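Below is one structure; the comments refer to it alone.
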There are 2 protein chains.
Amino acid sequence: MFELSFAEENYLKAIYHLSADGKRQVNTNAIAERLETRPASVSDMIRKLSEKGVVTYVKYQGVNITEVGKKKALWVIRKHRLWEVFLVNKLNFHWDEVHDIAEQLEHIRSSLLISRLDEFLEFPKFDPHGDPIPNAEGIMSSNPMTILSELPIGKTAELVSMKDTGAVFLNYLDRTGLKIGSKINIVDKMEFDGSMEIMVDQDKTMSISKQVSDNLLVITE
Amino acid sequence: MFELSFAEENYLKAIYHLSADGKRQVNTNAIAERLETRPASVSDMIRKLSEKGVVTYVKYQGVNITEVGKKKALWVIRKHRLWEVFLVNKLNFHWDEVHDIAEQLEHIRSSLLISRLDEFLEFPKFDPHGDPIPNAEGIMSSNPMTILSELPIGKTAELVSMKDTGAVFLNYLDRTGLKIGSKINIVDKMEFDGSMEIMVDQDKTMSISKQVSDNLLVITE
DNA sequence: CGGAATTTTTAGATTAACCTAAATTTTTAT
DNA sequence: ATAAAAATTTAGGTTAATCTAAAAATTCCG
């Protein structure tokens, strides 16, 4: 397997994201804008990427990412998102502080490193922004997120994001120990006020109000 | 503060290591050999580094690293060694597998990341090879390492390296939970066979034979 | 439809980091 | 001390990734 330079990886990632929005053709200007480069630079790079077989390209008609290209892009995205989980869950960064550091870490080359990191983080499926993490084969969960308060008693779910991202709410969560990746088991629900009794990470139970469970986004397995 | 490119950081690190062996002048060929580049490339880069003030340089007479250069080099070395500790202590890499990955990680730019990592690793003073980790000011422990078996009852020491690095011994250590960075308190020593009772990380006590304590290199605080 | 506007590509430069080959300086050894 | 050997620098070139300016293709719309 050939290797891409940092710059090539960044272009490919941009093209992947721009084409993930349903659209097939990705245009030069869009790539240039996203990467803060000039369209002329994009033209050059696209030619190079198409020679490497990671995109197909007809002059003046935009780019399409190939299957090989998609796989490469997803591998970089996997690394990026796993490092974000590391930064937030282990180094106590806030989810909105981690992007720039992860942009650097995503280019580190070592698949063993990534599989060890994945294991260390306990195989998270979503990053701290709630975006799904591709697995080693490039497949990512397309499970829809649901609101915790809507689930019935007995369901097990994984916390993947918060609706309210204000400091007050996040601070509350900090104190409860609830965080992205926590496994939540719904032990009981109180009819009269909508509060629920949950078990977190098969470890400790707690009671949370409806106001809280309305703001927790989860996926069920 | 100006920033150095990855290549510049690598040159500076090489020059630092080559001049750390007591010698003042570092010669071009030595740098080229260490970095696996050609002497001509080294000449180019040295000119650039001296323009930036991180080395001083008289044509045909070798390089000297400046105080600013030393500080920059030590910062890269600090990052390298902290990442090595992370890889070994947290991701279960073996100490002889981590160099290449740390060579990449050492260039990640974020001092906040490094201070958080340092804290997460509980402020290690030595890397998995037993080399001292510079602190944020570029100062590193020059405490001599001693052999655990030579210390008296009551001493507290930090495990920094092993003399025997064979698989059998390392495997034994794995099972005891002893690892680089462990804090060892000498509770008792048995005269008749030289074995000792130790408390590890103020947590669990165990008995180790003289053969074992002869192979553990520690520093006392 | 056909010109104007927009998008994209090409042409030609620049910078960083390397290289080889040749020139120059220093060191070594007889 | 001086010629040969070794070390170092210079000269000139390459590649990757960028840029600006200009040319070419496509799209939009009156």
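Atom set for the values below is all heavy atoms of this structure, side chains included, hydrogens, waters and symmetry mates excluded. Every chain is numbered from 1, with letters handed out A, B, ... down the list of sequences. Note that the structure is a prediction, hence the values are computed from the model and not measured.
Distance, A:Leu49 CG to D:dA16 C1': 12 Å, rounded to whole Å. As rounded to whole Å, 13 Å separates atom C1' of D:dT8 from atom CZ of B:Arg47. For A:Met45 and D:dA16, the CE to P distance is 10 Å, given to the nearest whole Å. Remark: C1' of D:dT15 and CD of A:Glu8 are 12 Å apart, rounded to the nearest angstrom. Rounded to an integer number of Å, the gap from B:Tyr11 OH to C:dA16 C1' is 11 Å. Distance A:Glu36 CD to D:dC19 C1': 15 Å, rounded to the nearest Å. For the pair B:Asp44 CG and D:dT14 C1', the interatomic distance rounds to 13 Å; values are reported in whole Å.
In this model, the phosphate group of C:dT6 is not approached by any side-chain N or O of A:Asn29 to a distance below 4.0 Å at OP1 or OP2.
With sequence neighbours left out, the ring-ring contact (aromatic ring centres under 6.0 Å, His included) criterion links B:Phe6 to B:His107. B:His129 is linked by a ring-ring contact (aromatic ring centres under 6.0 Å, His included) to B:Trp95, counting only residues two or more places apart in sequence or in another chain. Shown here are the ring-ring contact (aromatic ring centres under 6.0 Å, His included) partners of A:Phe86, two or more places apart in sequence or in another chain: A:Trp83, B:Phe86. Judged as a salt bridge (charged side-chain N to carboxylate O under 4.0 Å, His left out), and not counting sequence neighbours, the contacts of A:Asp214 are A:Lys210.
Within 4.0 Å of B:Asn27, counting heavy atoms only, lie sugar-phosphate atoms of the nucleic acid but no base atom. At a threshold of 4.0 angstrom between heavy atoms, the contacts of B:Thr28 are confined to the sugar-phosphate backbone, with no base atom among them. Contacts of A:Phe6 with the nucleic acid, taken as non-hydrogen atoms under 4.0 Å apart, are absent.
Legend: salt bridge (Lys or Arg N to Asp or Glu O under 4.0 Å) pairs involving residues 127-150 of chain A, not counting sequence neighbours, sorted by first then second residue: A:Arg81-A:Asp127.
Checked against B:Glu8 for a salt bridge (charged side-chain N to carboxylate O under 4.0 Å, His left out), the options B:Lys52, B:Lys72, B:Lys13 give a single hit: B:Lys52. For the side-chain contact (heavy atoms from CB on, under 4.5 Å) criterion with B:Leu148, the lone passing option out of B:Leu159, B:Val218, B:Leu217 is B:Val218.
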Please produce a list of atom pairs where a protein N or O lies less than 3.5 Å from an N or O of nucleotides 20-29 of chain C.
none

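Between C:dC18, D:dT18, D:dT10, one nucleotide has an atom nearer to the side chain of B:Ser43 than all others, and that is D:dT10.
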